[in-house]
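A quick write-up on the structure given underneath.
Please read all numbers here as calculations on a predicted model, not as lab measurements. For the numbers below, each heavy atom of this structure counts, side chains included, while hydrogens, waters and symmetry mates do not.
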Amino acid sequence: MPIPPSLASTLLHQIDQDQALIPGLPNDVAALILSFLPYSHHCRLKPTCKPWYIFLSSKTLHSLRRHHRRRSLSHLLCIFPEDPHISSPFLFDPQHLAWRPLPPLPCNPHEYGLCNFTSVSLGPHIYVLGGSLFDTRSFPLDRPSPSSSAFRYNFLTSSWDRLAPMLSPRGSFACAAIPSADQIIVAGGGSRHTLFRAAGSRICSVERYDVERDEWEALDGLPRFRAGCVGFAVREGGEEREFWVMGGYGDSRTVSGVFPVDEYYKDALVMELKGNDGGKWRELGDMWGAGETPRFGKIVMVEDEDGGSPPAIFMLDDNDILRYDMASNRWQKECSVPRRAPCKSSYGLVVLKEELHVMTIVNGIDSTETRRSRQQKRAGTLFMQIYHPRKKTWRCLVTKPPFRQPLDFSTTVMCPIQL
C-alpha cells in the first residue's frame, strides 16, 4: 500500500528528513500509519511534536485519507444546534462517540437569529449558506429577512472564510455538492419565521457556485416558486449526472380565513448536469398513488460507495421510513422506527456510511450512571437508531451531547462530512 509519489514529495517538502514523524521509520511509512488514526483524535495528537502538528494540519494527510478512503476516512457529523454566530457547532464521531467543538461563524453586530440555513460538505470544507435572520437595520424588526451570505470552514486551517454572497438571498432551499466539478448548486427557497412557518417569501431562482473561482452563476430557474425543498445529486459512472429537487411548498392557504397553511408539492424536479440537456428542468408527476395521503417528512439519499447500484431515497414521516422507487415514481413503506420519539420531541435524519441515522433526545436511557451534571440533565441523551438498507437491520447508539439544552431537530441543521 505505497504512498503515491506526488504525495510523498509533498510530504518531504513539508517535513525535513531529520525530523522523523516516527523514529526509526521513513517518513512516508510513518505518514501512512498516522493517516489511519481516527480524525476525532487529531486535535489531541497535534501537540505531540512539531512534525506531527505539520503533518496533521496538511493537505497531504487529507489526500492520503482520500486515497485509502475505505480504510482511513472518518464519517463524521457536523451539528449546528442554533445560530452558529453565537453558538459553536460540534463535530461528532459516531464510531468513537467523540465530540469536538468548532469555532462559531464570524459575528455581524447587526444580524442575529440565523435559522433555515443550509450546510453542505465538499472536500475538507463545510459550507454554511443563506438562511433567515433578523437585521437591526431593516423594518419591521419582527420579520426575518433572507440572507445571501456564504461561509466556508476549512478543516486544514481550522478557520472560517467569508465567500462571495449568493446572487439571490434565500433560506429553506435545496442544495447539493457536485464534487466532480468542484461546484455547489442551490435552488428555490425564501424566508420564513421559525414559529409562523406558513408566512414568508418564496423564490424559484437557481444558482451554481464555482469553488475555484469563488463565483455564483445563475441557471434556469425552477418552473414554480418552491421553498422548504431538499436537493441531492445523482451519480452515474463516478460523476454527478442529475440534480434533484424534491418536496417543498409553494402557495399557502388559510384555515378559517386566519391561519396560514403551506401547500406542499407532490412532484419532483430534475436538472440534467451533463449532455445537451444540461441546465434544463424536467418534471416528474405526482409521487403518490390514488387514495394515498401524501406525506412530507425529512428526505435523504443513500449512495452506494462502490457505485454499483443506483442511489436509494428515503423519507422519515412520523415513525415510518418510506423508500422512493424511481421506476414507478412512487413512495413505498420500507419499515418503522423501532422506538418512537417521546411526546413533544422530534426526529433528526442523516446518512452516514450508507446507513440511516434516526436521532432523537430522550432521558433515562443510561440507568447505570446515577450521578449526572446539571448540563447533562438539561441536554438529555442523544439516542440514535441506525438502519442499514441493504441488510435491513437496526442497531442503536447512545451518547451524551455537549449542548446546554436539548436539541430541537425541527430546527437543528446537520451536515455529514468525510475526513
Side-chain angles (χ1 to χ4, degrees), residues 80 82-85 105 108 110-120 127-151 163-176 184-209 216-232 243-255 259-271 281 283 294 296-299 408 410-415:
F80 298 84
E82 51 187 340
D83 186 346
H85 294 99
L105 283 176
N108 186 326
H110 301 289
E111 299 173 346
Y112 62 97
L114 180 65
C115 63
N116 300 327
F117 59 92
T118 297
S119 181
V120 63
Y127 293 79
V128 173
L129 308 174
S132 301
L133 49 75
F134 296 93
D135 195 323
T136 57
R137 299 163 295 183
S138 65
F139 183 83
L141 292 178
D142 61 345
R143 184 175 301 169
S145 303
S147 172
S148 60
S149 64
F151 295 91
L163 306 177
M166 292 184 287
L167 303 179
S168 300
R170 68 186 78 215
S172 301
F173 54 95
C175 177
I184 298 173
I185 296 182
V186 298
S191 181
R192 69 188 320 189
H193 199 285
T194 55
L195 295 179
F196 309 105
R197 300 190 171 221
S201 60
R202 285 98 161 134
I203 63 175
C204 60
S205 72
V206 181
E207 303 175 33
R208 177 171 55 200
Y209 176 70
W216 291 91
E217 173 191 7
L219 303 178
D220 286 351
L222 300 172
R224 296 174 296 278
F225 294 140
R226 187 183 291 244
C229 43
V230 175
F232 46 85
F243 172 58
W244 285 55
V245 175
M246 188 175 286
Y249 49 87
D251 296 329
S252 63
R253 58 184 174 85
T254 58
V255 178
F259 303 104
V261 178
D262 291 321
E263 289 282 0
Y264 280 85
Y265 287 112
K266 302 176 184 179
D267 63 350
L269 302 171
V270 181
M271 173 192 284
W281 291 97
E283 300 183 42
F296 309 102
K298 298 180 179 180
I299 300 173
D408 181 0
S410 62
T411 57
T412 297
V413 176
M414 296 183 289
C415 174

Which heavy atom of Leu114 sits nearest to which heavy atom of Gly130, and what is that distance?
CD1-O, 3.7 Å
Show the nearest heavy-atom pair for residues Gly190 and Ile203, with the distance to one decimal.
N-CG1, 4.3 Å
Rounded to the nearest 0.5 Å, what separates atom OG in Ser410 from atom NZ in Lys298?
7.0 Å
Measure the OG1-CD distance between Thr412 and Glu82 for me, rounded to the nearest 0.5 Å.
9.0 Å
How long is the span from the CD1 atom in Ile299 to the CE atom in Met246, to the nearest 0.5 Å?
5.5 Å
State whether the number of non-hydrogen atoms from other residues, nucleotides or ligands found under 6.0 Å of Phe151 atom CZ is greater than 12.
yes
Quick one: does any side-chain atom of Arg226 pair with a main-chain N or O of Val245 as donor and acceptor, under 3.5 Å?
no
With sequence neighbours excluded, residues passing side-chain contact (heavy atoms from CB on, under 4.5 Å) with Glu283:
Pro223, Arg224, Asp267, Leu269
How close do Cys229 and Gly247 get, counting heavy atoms only, and between which atoms?
CB-O, 3.6 Å
Sidechain-backbone polar pair: Glu207 side chain, Leu167 backbone, donor-acceptor under 3.5 Å:
yes
Report yes if the side chains of Pro84 and Leu105 come closer than 4.5 Å at any heavy-atom pair, otherwise no.
yes
Should Met166 and Ser205 count as side-chain neighbours, where that means a heavy-atom distance under 4.5 Å?
no
Report yes if some heavy atom in the side chain of Val206 is under 4.5 Å from a heavy atom in the side chain of Ile185; otherwise report no.
yes
Give the minimum heavy-atom separation between Phe243 and Ala174, together with the two atoms involved.
CZ-CB, 4.4 Å
Qualifying residue for side-chain contact (heavy atoms from CB on, under 4.5 Å) with Ser147, from Leu133, Asn108, Asn116:
Leu133
Test your reading of the model: is there a side-chain donor-acceptor pair from Asp135 to the backbone of Glu111, 3.5 Å cut-off?
no
Return the set of residues passing side-chain contact (heavy atoms from CB on, under 4.5 Å) with Val413 (not counting sequence neighbours), or none when no residue passes.
Phe80, Phe117, Ser119
In terms of the angle between their ring planes, are Tyr209 and Tyr127 parallel, tilted or perpendicular, with boundaries placed at 30° and 60°?
perpendicular
Those residues at least two apart in sequence (or on a different chain) that pass side-chain contact (heavy atoms from CB on, under 4.5 Å) with Cys175 are Thr118, Val120, Leu129, Phe173, Ile184, Val186
Short question: side chain of Arg202, backbone of Gly250 - any donor-acceptor pair under 3.5 Å?
yes
Residues in ring pair (Phe, Tyr, Trp, His ring centres under 6.0 Å) with Tyr264, at least two apart?
Tyr249, Phe296
State which residues pass side chain to side chain donor-acceptor pair (under 3.5 Å) with Ser148; sequence neighbours excluded, sorted by chain then number.
none
For Ala164, what residues pass the side-chain contact (heavy atoms from CB on, under 4.5 Å) criterion, not counting sequence neighbours?
Asp214, Trp216
Determine the minimum heavy-atom distance between Pro144 and Ser191, stating which atoms define it.
O-OG, 3.3 Å
